[in-house]
Structures are given as structure tokens and as C-alpha cells.
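First comes the structure, then the notes that go with it.
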Number of protein chains: 2
Amino acid sequence: MADTASTRDRLLDAFEQVLIAHGSRAATLDAVAAAAGVSKGGLLYHFKNKAALEAGQHARLRALGEADIAAMRAAPEGAAEYYLAESVSSGGALDRALIASARLAEDAGEQDTVLDDLRAAWYDVLLAELGDPALAHVIQLIGDGMYYNAVAGSRDEGALEHAREILSRLRG
Amino acid sequence: MADTASTRDRLLDAFEQVLIAHGSRAATLDAVAAAAGVSKGGLLYHFKNKAALEAGQHARLRALGEADIAAMRAAPEGAAEYYLAESVSSGGALDRALIASARLAEDAGEQDTVLDDLRAAWYDVLLAELGDPALAHVIQLIGDGMYYNAVAGSRDEGALEHAREILSRLRG
DNA sequence: GTCTATATTCTGATAGAC
DNA sequence: GTCTATCAGAATATAGAC
């Protein structure tokens, strides 16, 4: 029901899109309102100031991230496989929210802990499955690396296959 | 000779520092000039506009990066060890330049290729030493992951030790 | 080379009409 | 709920004094 998305949700979508495509400097109230097809006044009805818009973005990431962690715990292929596969940016809602919040986090001095919290939760699940702190840590770093490359827009073909191959060597 | 650094260099130092500490949104001409201890007019004598200041930052990274690639080729401990050790943010000149340029790159749509160029060069050196595309690729992803955490401002204790341990398992 | 003063445009935010 | 009009302050940049 993309057509029936609330204006509030469309504003958050637009904020994400501008953050991802053009960075935080470009994500002004004017630009976000225009991308969402509303006026600046319309935006400010839903989010009383820019801090509220940023908080809305972080809250969206938190909800998506917590759902993902539950899915990772339940993944039949195992948490490590699941984690690596999802770290390849697929343009999904979680990817987009992660990139957008990461860009905001660079400007604001540690105002929202969602990124740190999610990272810690993913690590816990990896460690519970693998039972090896060094391996769990390195799997997370590989995921971060794939995520970094996706954000930078670099084509990084074969990353997932290569990561899977190395993972199997380490487990075998 | 930090005391005898030229005003131009002090301005680039200040730009880096503000970018790293507070992000690109905070790195205004006023803030950079103040951090360097000069007036805005003084800054604009050395860099005629903001784009020139950003170009100066990217040029500084390119010079440091090319020197690093030469050092990596010559490293007695091997390129992979050298690469992982330097990927841990140590506050060195290269680290700082890398983080600063990465923050600028998010705002500007691929105007300077220095980050992509350096990444490709590092991969070439890793592959030449390791002779294994999957392993070279994964080592670079681990470095990217450590670098991503530095850009994001997270602390990530034990990353280097864990990466070294996994590397030795893979080589052994 | 560096500063002050100023012009211009952008940004966040408010008030009130519809 | 959404829009337009408007404002204060910030940001980039220029001109010219020293």
C-alpha cells in the first residue's frame, strides 16, 4: 500500500532518500519537503523541528533493526550466513535506514545510540552461534566492510561469495 | 615543526579536525577559520572558495595514500599485516585524512576519485602478496569494516588482534 | 597575508489563512 | 493537515583597508 502511506511516512522516506543520495548537508527541510511533495510548513506539522525529524529516522531504524535481529536468531541457514547475506546492500528498508542514520550520526555527537545498540545486538547473536569471539568479531567486520562499499556506491562483485568461502574455511 | 606550519597547512589541519570531530555540517568556513586561528577572509585568501578547500583535503589524502601504498609494498611483516594494522584508526595523518575525505565524499556526488583509487591500489598489493582473490578480498573487507567503524566514530576494541588471529588461521 | 565590513543566499522556524 | 508569507540567523563569498 505505498499509495496509502501516511504523509509522515512519506516524509521519513524522503528524508532517507535525500540523506542517501546527497548526504546530510543536502538534507534540508526544504529539500525533504520537496522530495515528499509537501510544503515546509506541512513537514513542520508532522515534525516540529529538525531534531524531531532525525529522531523519527533513528526510531524507524531501531524498529527495523530489532525485527532483523529476531529474524537472524531464527534463520535456518544460521546467524552468520544470514548476517553476511543481508550485509550486501539490497536496497531494502533496513539497508536504507542504516545508511541514513549513519550519515546523521556523523554530524550529531552521539545523540542517539541506535547504531551502537544494534551493532552490539548483532555481535551477541553471532557470538552465541559461533562461540568464538575472534571469529564473531571478524564476521561483523566483514559485514561492516560490505556495508561500507555499498554505501560508497562501489561495485564490489563477489564479496558475498568470497566471504562465504572464507567462512567455510574457518569453520571447516 | 608544528609551530612553523604554513597558514595553508594549519587551515587544512583545522578543516580535518572539524570534519572528524563534528561532521561536514559543522565544517563551515567560519568554524574552520576559527579553529585555525585566522579570520574568514584569511582563509579565503588561501582557498578561494569551499570547493578549493575540499580539493585541498582530497589532494592531501592522495599524497598520504600513495606514500602508504609504497610503504605497504615494502613492509617487512607483509602487506596483509601492514594493511590490517593501519586500518585500525590510530589517529595518524593518513587515518585522519581518510576519515575527513570520506565525510566530504558523502555530500559531494563522486567529485573526487581519490577514495576509489586508493582502495583499488590497496587491493592490488594484497592480491599480489596473497595470490588468493577470496582472501585478498576478505582482508580488504575487514580493513573496510575497521575503517567504517572509525568513520562512524565507534570504538571497536580488539579488532586488530582478532583480525590477526583469523588471518593466521587462514594462512596456517 | 590578514582583517573588517558588507552583500547575498540559504536554512530553520513561526504565524496565521484556508 | 497543509499552505503561504515572513523573519532571524547562519553560510558563502566579495571588496577594500591595512
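Just so it is clear: chains get the letters A, B, ... in the order the sequence lines come, proteins before strands, and each one is counted from 1.
With rounding to whole Å, A/Asp30 atom CG is found 12 Å from C/dA13 atom P. For A/Leu11 and D/dC3, the CG to P distance is 10 Å, given to the nearest whole Å. In this structure, the CG atom of A/Leu43 is 14 Å from the C1' atom of C/dT14, given to the nearest Å. Protein atom CG of B/Leu44 is 18 Å distant from nucleotide atom P of C/dT6, rounded to whole Å. The nearest whole Å value for the distance from the CZ atom in B/Phe47 to the C1' atom in D/dT14 is 19 Å. What separates NZ of B/Lys48 from P of D/dA13 is a distance of 9 Å, to the nearest Å. Atoms CG (A/Leu29) and P (D/dT2) sit 16 Å apart, rounded to a whole Å. One interatomic measurement links the two molecules: NE2 of A/His46 to C1' of C/dA13, which rounds to 17 Å at whole-angstrom precision.
Side-chain N/O atoms of B/Tyr45 include one lying less than 4.0 angstrom from OP1 or OP2 on C/dG1.
Mapped onto DNA chain D by nearest heavy atom, A/Arg25 and A/Lys40 fall at different nucleotides, with A/Lys40 at the one closer to the 5' end.
Proximity note for A/Thr7 (side chain, C-beta onward) versus C/dC3, C/dT14, D/dT2: the nearest is D/dT2. Set against C/dT2, D/dT2, D/dA11, the side chain of B/Thr28 has D/dA11 as its closest nucleotide. Side-chain proximity of B/Asn49 to the nucleotides C/dG1, C/dT4, D/dA13 is greatest for D/dA13. Among the nucleotides C/dA13, C/dT2, D/dT2, the one closest to the side chain of A/Lys50 is C/dA13.
At distances below 3.5 Å, at least one donor-acceptor pair connects side-chain atoms of B/Gln140 with backbone N or O atoms of B/Arg119. The backbone N or O of B/Asp116 lies less than 3.5 Å from no partner atom in the side chain of B/Thr113, so there is not a single donor-acceptor pair.
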Take B/His137 and A/Asp156, measure what side chain to side chain donor-acceptor pair (under 3.5 Å) needs, and give me the verdict at the end.
-> CA-CA 9 Å; B/His137 199 158; A/Asp156 196 26; 3.0 Å; yes

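No hydrogens or angles considered: nothing links the side chains of A/Asp68 and A/Tyr83 as a donor-acceptor pair under 3.5 Å.
In the displayed structure, A/Glu77 atom CD is contacted under 6.0 Å by more than 12 heavy atoms of other residues, nucleotides or ligands.
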